[in-house]
Amino acid sequence: MAQTFEYKVVVYREGMLGSLFLGGSKVDPIKFSDFLNKNGSQGWEVITMEREIRRMLLFFEREAFMVVMKKAA
């Protein structure tokens with residue numbers, strides 16, 4: 001019997017305040033690691049991720065990651 005999977009796509013980004021006050025916001029690696037570990041402990045495995053710079057309010061930028069995960073269904 002073929003194994004089936006459940007998939008989840010999440011856009012992970014920091015809050016808007018860093019962008020507003022500093023003109024740009026980068027993802028905190030410790031918080032991002034905590035996010036990945038929390039999902040990993042629930043059985044989610046990262047398949048791929050892509051880094052993006054998202055523009056907000058015309059002048060401000062913030063870093064984001066689109067993360068695709070799967071786990072056995």
Side-chain angles (χ1 to χ4, degrees):
M1 181 157 67
Q3 186 174 8
T4 59
F5 296 99
E6 181 179 350
Y7 294 89
K8 175 164 83 167
V9 177
V10 179
V11 176
Y12 181 88
R13 62 184 166 259
E14 293 293 322
M16 243 174 34
L17 290 178
S19 297
L20 292 175
F21 293 119
L22 303 174
S25 181
K26 297 215 180 263
V27 168
D28 180 330
I30 294 172
K31 289 181 184 177
F32 191 46
S33 294
D34 290 343
F35 164 78
L36 292 172
N37 286 326
K38 178 183 169 197
N39 281 280
S41 69
Q42 296 172 0
W44 292 102
E45 176 185 359
V46 174
I47 298 172
T48 188
M49 70 175 78
E50 184 174 325
R51 180 179 170 264
E52 310 178 329
I53 300 297
R54 296 190 158 216
R55 186 166 301 283
M56 51 176 274
L57 303 175
L58 298 176
F59 303 106
F60 306 103
E61 295 180 341
R62 70 176 162 172
E63 185 178 47
F65 286 88
M66 185 179 76
V67 183
V68 180
M69 296 179 269
K70 76 173 184 178
K71 73 176 180 178

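K71 and N39 are not linked by any side-chain donor-acceptor pair at a separation below 3.5 angstrom, with hydrogens and angles left out of the test.
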Verdict with supporting geometry, V9 and V67, side chain to side chain contact (heavy atoms under 4.5 Å, CB included): CA-CA 6 Å; V9 177; V67 183; over 6 Å; no
Residues F65, V10; criterion side chain to side chain contact (heavy atoms under 4.5 Å, CB included); working and verdict: CA-CA 8 Å; F65 286 88; V10 179; over 6 Å; no
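Between the CG atom in L36 and the CE atom in M69 there is a gap of 7.5 Å [rounded to 0.5 Å]. Expressed to the nearest 0.5 Å, how far CH2 of W44 lies from NZ of K8 amounts to 5.5 Å.
The aromatic rings of Y12 and F35 lie tilted to each other, with the angle between the two planes from 30° to 60°.
Across all their heavy atoms, V11 and A64 have their closest contact at CG1-CB, 4.2 Å.
A cation-pi geometry, defined here as NZ or CZ lying under 6.0 Å from the six-membered ring centre and within 45° of its normal, holds between K70 and F5.
The salt bridge (charged side-chain N to carboxylate O under 4.0 Å, His left out) test applied to K31 returns E14, not counting sequence neighbours. Scanning for salt bridge (charged side-chain N to carboxylate O under 4.0 Å, His left out) contacts around E52 gives R54, with sequence neighbours left out.
Taking 4.5 Å as the limit, some side-chain heavy atom of E63 sits within range of a side-chain heavy atom of I53.
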